[in-house]
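These numbers come from a predicted model, not from an experiment. Along the sequence shown, the residues carry numbers beginning at 1.
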Amino acid sequence: MSQGVNAPEIAQMEAPAVVINPEHGLPESFGEGLTGRILFWIAVSFSTFQVVTSFGIPLDAPFMSTITLNHFLAVAMAAWAAWLVLQVMRGYRVLDGALAWVAIAVAFGLIIRFGGSLPSQVVRAMHVGFLCLVSGAMVANHRATSSPTRVLGWGIGIAGFAVGLYQWALYNDLVVRAGELTHLDMVVGIAALMILIYLVWQVMGIALPIVATVFLAYCLIGNWLPAPLDHRGYTLEQVIEHMSFGTEGIYAVPTLVSATYIFLFILFGAFMEKAGVIDFFNDISMAAFGSKQGGPGKVCVASSALMGTVSGSGVANVVASGQFTIPLMKRFGFPSAFAGGVEATSSMGGQIMPPVMGAVAFIMAETIDVPYAKIVEAAIVPAVLYFTACYLAVHLEAGKRGLKGLPRDELPKAWTEIKKSWYLITPLGVLVYLLFAGYTPLFAGAVGLSLTVALIMGIAIVAGLAVPALRVAFWIGLALVSAYSLASSVSLVVAVVAVLAIWNSFSGRGRLTLQACVDAMADGARQALPVGLACAVVGIVIGTMTLTGLGTIIGTWMISIGKDNMFLALVLTMIFSLILGMGIPTIPNYIITSSLAAPILLNLDVPLIVSHMFVFYFGIMADLTPPVALAAFAAAPMAKVSGMKIGVQAIKIALPGFIVPYMAVYDPALMLQPVAGLEGTGYWLAVVYVVVKACLALGLWGVAAVGYFRAPLTWWERLWAAAAAALLVLAVPITDEAGFVLAIAFIGLHVWRTRATVTTVSG
């Protein structure tokens with residue numbers, strides 16, 4: 001990035017400060033001293049366990065002749081232990097190495113107990129156990145004010161991990177006696193719920209624990225409620241068996257998805273960041289849009305859209321990119337609240353940007369049992385519309401304030417940056433190809449992660465090769481070997497990574513690269529905390545609905561409303577999603593609303609994917625909607641203005657996020673869904689028509705919200721533009737025609753009215 005553009009901002013970013021993650025309110029570190037190092041290696045052990053189980057690598061299957069991966073592992077661990085002993089004998093300190101050895105030994109020790117692959121129930125239980133251990137220790141390391149409170153925090157985390165170990169150690173016995181809990185089972189089951197709810201409270205705030213506790217209470221005392229909310233009544237043993245054992249409750253589908261797809265893609269994003277992809281995206285955005293009208297704001301939108309393809313965490317994107325973009329926009333002339341609003345809005349759009357889509361895409365695919373590629377296909381057009389509207393809002397605000405672009409000589413050159421760093425996005429390209437080629441997200445994620453690690457290590461190796469021809473030969477060889485291993489199995493891909501890791505261990509630069517990879521493993525585990533904990537605790541809500549039939553009760557009431565007034569049912573669903581999302585992150589919000597509201601919309605003849613996308617979109621909008629507006633408040637410290645003011649600006653900019661779901665319900669072609677009676681050319685003409693209509697409506701909304709088109713608008717022009725947009729959105733006969741007429745008349749009149757002014761300014 002050009003120093004002439006962002007040197008002050010870079011200096012600000014490099015200033016010593018404790019970075020707090022607004023999603024869980026904890027610093028982006030593991031703490032100081034011995035407990036910090038122990039927690040770091042626990043996080044690495046967590047990631048190692050998840051990677052091996054997600055990849056589905058059979059450690060006991062013959063790899064060469066009768067030799068299995070377990071044999072290789074045993075030899076490697078023995079050699080590592082011998083090297084540590086030798087280092088101790090030489091007088092070196094090996095504490096970190098010993099912690100690393102124990103971390104890896106624990107991870108593989110948990111895996112090799114079961115032949116083949118681990119049972120799904122064990123993977124889910126250990127996933128939640130690791131989440132409890134890491135989160136409890138994080139709270140203890142960062143918030144404890146005395147030794148007893150620190151010990152208490154670690155103790156709660158260890159107790160949560162012990163719950164997972166209980167399911168791991170007694171898995172076969174628990175299967176045999178399913179439905180007949182012992183006294184110890186009851187104690188462990190109650191402890192699992194109490195520890196999980198407590199840790200979610202400590203890490204993510206009180207809202208989600210309150211929701212989970214209310215649903216638990218409904219299971220136990222709902223039989224005392226008046227009809228139709230009452231149920232037949234359940235004993236404490238029945239509730240604990242349903243919630244804490246089996247594949248309902250805290251170990252339901254959301255936890256399975258968190259333990260596989262989500263964790264894998266979080267790690268993928270962490271490694272891509274280590275590889276320098278985020279910086280590459282920023283440089284490309286600066287080169288492409290920095291010189292345009294309102295350049296810094298457009299750079300923010302473009303970089304957030306690109307970052308969204310790798311990291312689907314909207315709030316994390318605000319924190320990561322906002323430190324650069326918000327001060328730059330303010331210095332350029334944008335108001336503080338608008339700068340924060342642009343960053344919050346565009347960063348939250350990362351959750352609807354394929355292929356990652358904030359991890360909700362994986363849960364959605366698993367929940368409604370459709371191919372992941374179909375989810376991505378439905379999200380493409382709305383995502384493009386969303387970012388187009390954000391881009392337009394910046395363009396109009398810049399025009400209103402007379403803000404031109406940045407000097408080209410202070411900006412990076414796009415072609416130069418592409419030639420220098422194009423290879424950084426090859427893993428992302430392979431990932432997208434595999435997803436659309438029909439491979440499972442788990443396989444695609446495993447390959448994408450492996451290739452990213454191989455890329456990072458390959459860069460370090462190439463840097464040590466002085467002869468250019470050797471560098472070219474190395475990359476060609478690595479590409480051929482990777483392609484062959486990809487066509488064979490994930491195990492061979494992992495073997496390639498292992499060889500590169502051994503190669504790197506023999507050079508100083510390589511060892512630094514290996515340390516960066518280990519850091520990414522730990523970072524991935526830490527970043528998984530809010531998502532994983534949310535998925536586990538929201539399982540209580542799902543378990544309540546499957547046990548008591550609460551979803552059917554609410555669904556019957558909503559359907560009775562929707563049969564008379566579809567629009568009213570949609571508005572109620574939107575309000576429900578927004579209210580729920582004010583205190584709950586996007587993923588649990590989607591899980592709850594999709595369990596309650598999406599089936600209702602489906603019964604009202606809304607297409608399956610569209611009904612789930614509807615509640616998903618409004619779950620995202622909740623992070624921009626005051627009074628909570630988590631993304632807006634995350635941007636507030638960088639914008640140095642209140643989160644409420646940023647939230648108001650974000651709502652104006654994010655208006656398409658409110659409009660597009662409604663348009664898709666009434667015209668599913670907007671999400672590329674089948675439309676009855678339309679096929680072939682007729683269908684694609686319908687897609688083009690609805691996209692053009694949506695673009696025009698969003699443009700008119702943007703013009704009305706900002707109050708500027710070619711020149712400032714009068715109050716009656718803003719009302720005119722808003723009315724034309726509303727008519728284009730409404731699904732009532734002749735409203736489209738009326739909307740197009742009003743839009744054309746508005747544009748023509750405004751152009752005629754401002755022709756002299758614009759000509760004078762241009763001249």
Mind listing the closest non-hydrogen atom pair of [X] and [Y] along with its distance?
{"X": "Glu397", "Y": "Val706", "value": "OE1-CG1, 3.6 Å"}
{"X": "Val751", "Y": "Arg710", "value": "CG2-CD, 3.7 Å"}
{"X": "Cys535", "Y": "Ile262", "value": "SG-CD1, 4.3 Å"}
{"X": "Tyr386", "Y": "Gly349", "value": "CE2-CA, 3.5 Å"}
{"X": "Glu717", "Y": "Pro712", "value": "OE1-O, 4.3 Å"}
{"X": "Gly340", "Y": "Ala635", "value": "O-CB, 3.9 Å"}

Exercise for review: Tell me, with the steps shown, if Trp720 and His750 meet side chain to side chain contact (heavy atoms under 4.5 Å, CB included).
Suggested key: CA-CA 11 Å; Trp720 190 343; His750 182 79; over 6 Å; no
In the structure I gave you, are the side-chain heavy atoms of [X] and [Y] within less than 4.5 Å of one another anywhere?
{"X": "Phe338", "Y": "Met329", "value": "no"}
{"X": "Pro254", "Y": "Ile542", "value": "yes"}
{"X": "Val665", "Y": "Leu570", "value": "yes"}
{"X": "Thr325", "Y": "Pro296", "value": "no"}
{"X": "Ile375", "Y": "Ile368", "value": "yes"}
{"X": "Phe616", "Y": "Ile609", "value": "no"}
{"X": "Phe746", "Y": "Val703", "value": "yes"}
{"X": "Glu343", "Y": "Met638", "value": "no"}

N/O donor to acceptor pairs below 3.5 angstrom from side-chain atoms of residues 666-692, sequence neighbours left out:
| residue | atom | partner | partner atom | Å |
| --- | --- | --- | --- | --- |
| Asp667 | OD1 | Ala669 | N | 3.4 |
| Gln673 | NE2 | Met671 | O | 2.9 |
| Tyr683 | OH | Leu672 | O | 3.2 |
| Tyr683 | OH | Gln673 | N | 3.4 |
| Tyr683 | OH | Gln673 | O | 3.0 |
| Tyr689 | OH | Asp736 | OD2 | 2.7 |

Using the side-chain contact (heavy atoms from CB on, under 4.5 Å) criterion, which residues pair with [X]? Sequence neighbours excluded.
{"X": "Leu392", "result": "Leu396"}
{"X": "Ser291", "result": "Arg408, Leu411"}
{"X": "Ala373", "result": "Phe436"}

**Study point:** Plane angle bin for Phe334 and Phe332 - parallel if under 30°, tilted between 30 and 60°, otherwise perpendicular
**Key:**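 Answer is tilted, since the angle falls between 30° and 60°.
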Check your understanding: Taking the six-membered ring where the residue is Trp, are the ring centres of Phe618 and Phe614 under 6.0 Å apart?
Key ->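 That pair passes the under 6.0 Å test.
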Check your understanding: To the nearest 0.5 Å, how far apart are CG in Asp283 and CE in Met286?
Key ->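 That separation rounds to 8.5 Å.
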**Study point:** Spacing of OG belonging to Ser303 relative to CD1 belonging to Ile284, to within rounding of 0.5 Å
**Key:**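 Interatomic distance, Ser303 OG to Ile284 CD1, rounded to 0.5 Å: 12.0 Å.
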Point to revise | side chain to side chain donor-acceptor pair (under 3.5 Å) contacts in which one or both residues fall within residues 604-619, not counting sequence neighbours | key: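 Of all non-adjacent pairs touching residues 604-619, those that pass side chain to side chain donor-acceptor pair (under 3.5 Å) are Tyr590-His612.
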Listed pairs under 3.5 Å, donor-acceptor, residues 641-659 side chains, sequence neighbours left out:
| residue | atom | partner | partner atom | Å |
| --- | --- | --- | --- | --- |
| Ser642 | OG | Lys645 | N | 3.2 |

